[in-house]
Amino acid sequence: MGFTLTADSAVSYLAERGLVSPTATRTATAELLGGGVSNVVVRVQPPGGNGALVLKQSLPKLRVEEDWFADRERIYRERAGIDWLSNALPNGAIPRVVEEDRENFLFVMTAAPGKGVNWKDALLAGDVDAAVAGQVGRLLGVIHRSSCCVGENIPAELQPFADLACFVQLRIDPYHRATATAHPDLAGAIEEQARQMLAPRDGRRTLVHGDYSPKNVIVNGSGPAAQVFLLDFEVVHLGNPVFDLAFMLNHFTLKAIHRPELAERYNEAARSFWEAYIAAAGDLAGEPARLESDTVAQLGALLLARVDGKSPVEYITDDEPKEFARRLARRILTGATTSWPQIHSCLTARTL
């Protein structure tokens with residue numbers, strides 16, 4: 001049946017594979033981390049306070065109310081993504097894989113350095129640091145610029161990421177297609193957004209993180225000196241860079257809907273993220289106005305998906321903010337709202 005990762009089994013597993021000393025089984029501590037809906041993730045702290053390791057194992061059935069299955073071999077793609085990105089990003093920006101267990105769909109990696117905080121938790125608590133948002137945007141720009149290719153001219157090192165099956169299983173099906181079913185009058189617009197993510201109209205593709213969101217960012221410090229550490233590359237693929245942009249900006253939008261009294265601060269963070277990305281992406285960004293309209297359109301589909309798709313955002317539970325999100329998404333998908341200033345105005349004024 002294979003090994004099942006739990007907080008209770010993690011330390012002995014590491015000891016058996018020689019990654020911690022046998023004595024660590026008596027003194028090391030293991031903590032079950034979030035892992036989202038698709039993985040089991042455990043952090044192990046050996047004695048002495050140094051050298052923490054994180055174990056990650058993919059699940060065949062995701063932890064949501066509706067049936068949602070995905071190929072467990074996505075864990076191998078994630079490992080390959082981390083290896084590729086380690087050559088593109090600054091040292092200390094992503095984890096390092098130290099062991100891979102293909103039999104059990106698991107790998108072991110280094111933990112985030114220091115006593116960082118999860119950026120999602122900070123943002124929800126009202127700690128909205130625009131400088132951190134800028135750093136997150138810059139890193140994304142570096143990822144996309146360094147991996148850009150056009151048409152069928154795919155470098156050999158990026159070929160392993162050309163298969164979109166995992167992206168379809170974890171994003172297109174549960175987000176776009178499930179939402180199109182829930183809103184048949186918008187199905188054509190939503191399905192068009194799905195098509196754009198699978199086959200970009202300009203033929204340019206980059207390495208797309210696929211889950212570029214605040215929950216996958218660990219922050220040490222604040223302001224321009226803050227250190228940013230990226231996590232969770234299981235949806236990495238060669239695709240349309242607009243997806244990563246819209247995915248992150250959607251989270252600022254959702255938080256502004258959730259906490260309208262902080263809407264302007266979330267909007268400021270979104271602007272900082274966007275401007276830093278444009279600067280770092282360089283020529284890849286093309287015409288910023290076109291990139292903006294494409295990103296806003298994709299955000300409309302993702303915004304509606306986080307209310308009525310298979311993975312609704314957990315902190316928006318009341319009817320009023322849900323309905324506001326639906327109305328804003330509808331305005332975007334029908335072409336009535338096409339720019340960041342329009343979206344930000346709606347969020348701060350709380351009117352549509």
Side-chain angles (χ1 to χ4, degrees), residues 1-22 24-25 28-46 50-63 69-113 143 146-147 155-167 169-170 207-212 215-218 229-238:
M1 184 173 177
F3 170 75
T4 299
L5 177 63
T6 67
D8 292 333
S9 65
V11 178
S12 58
Y13 174 88
L14 292 177
E16 289 170 4
R17 300 185 77 90
L19 296 175
V20 298
S21 68
T25 58
T29 59
E31 173 190 6
L32 186 66
L33 302 180
V37 299
S38 57
N39 302 281
V40 178
V41 182
V42 178
R43 184 181 190 274
V44 172
Q45 179 64 65
N50 296 316
L53 295 172
V54 174
L55 299 84
K56 183 171 185 177
Q57 185 177 49
S58 57
L59 295 171
K61 184 179 185 297
L62 280 63
R63 295 182 292 249
F69 299 91
D71 187 343
R72 297 187 76 187
E73 292 189 2
R74 64 187 183 275
I75 198 83
Y76 311 145
R77 172 82 70 91
E78 178 170 9
R79 188 262 163 86
I82 292 173
D83 289 347
W84 193 93
L85 289 168
S86 67
N87 295 314
L89 293 175
N91 288 336
I94 59 173
R96 177 175 56 86
V97 175
V98 298
E99 181 86 350
E100 182 180 70
D101 180 354
R102 285 188 166 248
E103 179 181 353
N104 292 302
F105 306 99
L106 183 155
F107 66 73
V108 183
M109 57 187 162
T110 55
I143 292 171
S146 61
S147 60
E157 66 270 18
L158 291 175
Q159 285 285 354
F161 308 105
D163 184 356
L164 299 180
C166 185
F167 178 59
Q169 289 177 340
L170 293 176
L207 204 61
V208 174
H209 182 285
D211 198 3
Y212 206 70
K215 73 179 176 65
N216 290 325
V217 177
I218 302 297
F229 188 82
L230 305 180
L231 303 171
D232 201 350
F233 305 88
E234 73 169 333
V235 197
V236 66
H237 65 282
L238 197 63

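For Glu100, the side chain to side chain donor-acceptor pair (under 3.5 Å) partners at least two apart in sequence or on another chain are Arg102. The side chain to side chain contact (heavy atoms under 4.5 Å, CB included) test applied to Ala15 returns Val20, Thr25, not counting sequence neighbours. For Asp211, the salt bridge (Lys or Arg N to Asp or Glu O under 4.0 Å) partners two or more places apart in sequence, or in a different chain, are Arg171, Lys215. In this structure, Glu16 has no side chain to side chain donor-acceptor pair (under 3.5 Å) partners at least two apart in sequence or on a different chain. Pro22 pairs by the side chain to side chain contact (heavy atoms under 4.5 Å, CB included) definition with nothing, not counting sequence neighbours. With sequence neighbours excluded, the residues satisfying side chain to side chain donor-acceptor pair (under 3.5 Å) with Thr6 are Ser9. Scored by the ring-ring contact (aromatic ring centres under 6.0 Å, His included) test, His209 finds Tyr212, Phe233 as partners (sequence neighbours excluded). Residues satisfying the side chain to side chain contact (heavy atoms under 4.5 Å, CB included) criterion with Ser21, sequence neighbours excluded, are Thr23, Ala24. The ring-ring contact (aromatic ring centres under 6.0 Å, His included) check on Phe161 picks up nothing, with sequence neighbours excluded. In this structure, the side chain to side chain donor-acceptor pair (under 3.5 Å) partners of Glu78, at least two apart in sequence or on a different chain, are Lys56. In this structure, the side chain to side chain contact (heavy atoms under 4.5 Å, CB included) partners of Ile218, at least two apart in sequence or on a different chain, are Ala112, Asn118, Phe229, Leu231.
At a threshold of 4.5 Å between non-hydrogen side-chain atoms, the residues Leu5 and Val42 count as touching.
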Quick one, Val97 with Thr110, criterion side-chain contact (heavy atoms from CB on, under 4.5 Å). Give me CA distance, side-chain angles, the key distance, then yes/no. CA-CA 7 Å; Val97 175; Thr110 55; over 6 Å; no

Could you go step by step and tell me if Val54 and Val108 meet the side-chain contact (heavy atoms from CB on, under 4.5 Å) rule? CA-CA 6 Å; Val54 174; Val108 183; over 6 Å; no

Begin with the C-alpha distance, continue with both residues' side-chain angles, and end with the deciding distance and a verdict on side-chain contact (heavy atoms from CB on, under 4.5 Å) for Leu85 and Ile143. CA-CA 7 Å; Leu85 289 168; Ile143 292 171; 3.8 Å; yes

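Taken to the nearest 0.5 Å, the OG atom of Ser12 stands 12.0 Å off from the CZ atom of Arg17. Remark: Ile75 CD1 to Leu106 CG distance equals 7.0 Å, nearest 0.5 Å. Taking OG of Ser58 as the reference point, atom CZ of Phe107 lies at 9.5 Å (rounded to 0.5 Å). Residue Asn104 holds its CG atom at 8.0 Å from OG1 of Thr4, rounded to the nearest 0.5 Å. One distance of note links OH of Tyr13 with CG of Leu19; it measures 8.0 Å at 0.5 Å rounding. The line from CZ of Phe167 to CG of Leu238 is 11.5 Å long, rounded to the nearest 0.5 Å.
For the residue pair Val44 and Ala10, the shortest heavy atom distance occurs at CG2-CB, 3.8 Å. Closest non-hydrogen pair, Pro95 versus Ile82, comes out as O-CG2, 3.3 Å. Between Leu207 and Val236, the closest heavy-atom pair is CG-CG2, 3.7 Å. Contact between Asp163 and Arg77 at its shortest, heavy atoms only, is O-NH2, 2.8 Å. The two atoms that bring Leu32 and Val40 nearest to each other are CD1-CG1, 3.9 Å, heavy atoms only. Taking each heavy atom of Pro46 and Ala52 in turn, the nearest pair found is CD-CA, 3.9 Å.
With Glu99 contributing its side chain and Leu55 its backbone, the two residues share no donor-acceptor pair below 3.5 Å.
For residues 83-97, every residue pair satisfying the side chain to side chain donor-acceptor pair (under 3.5 Å) rule, not counting sequence neighbours, is listed here: Arg79-Asp83.
By the neighbour-count criterion of 12 heavy atoms within 6.0 Å, atom CD of Glu103 is sparsely surrounded, having that number or fewer from other residues, nucleotides or ligands.
A salt bridge links Arg74 to Glu234: at least one charged side-chain nitrogen sits closer than 4.0 Å to a carboxylate oxygen.
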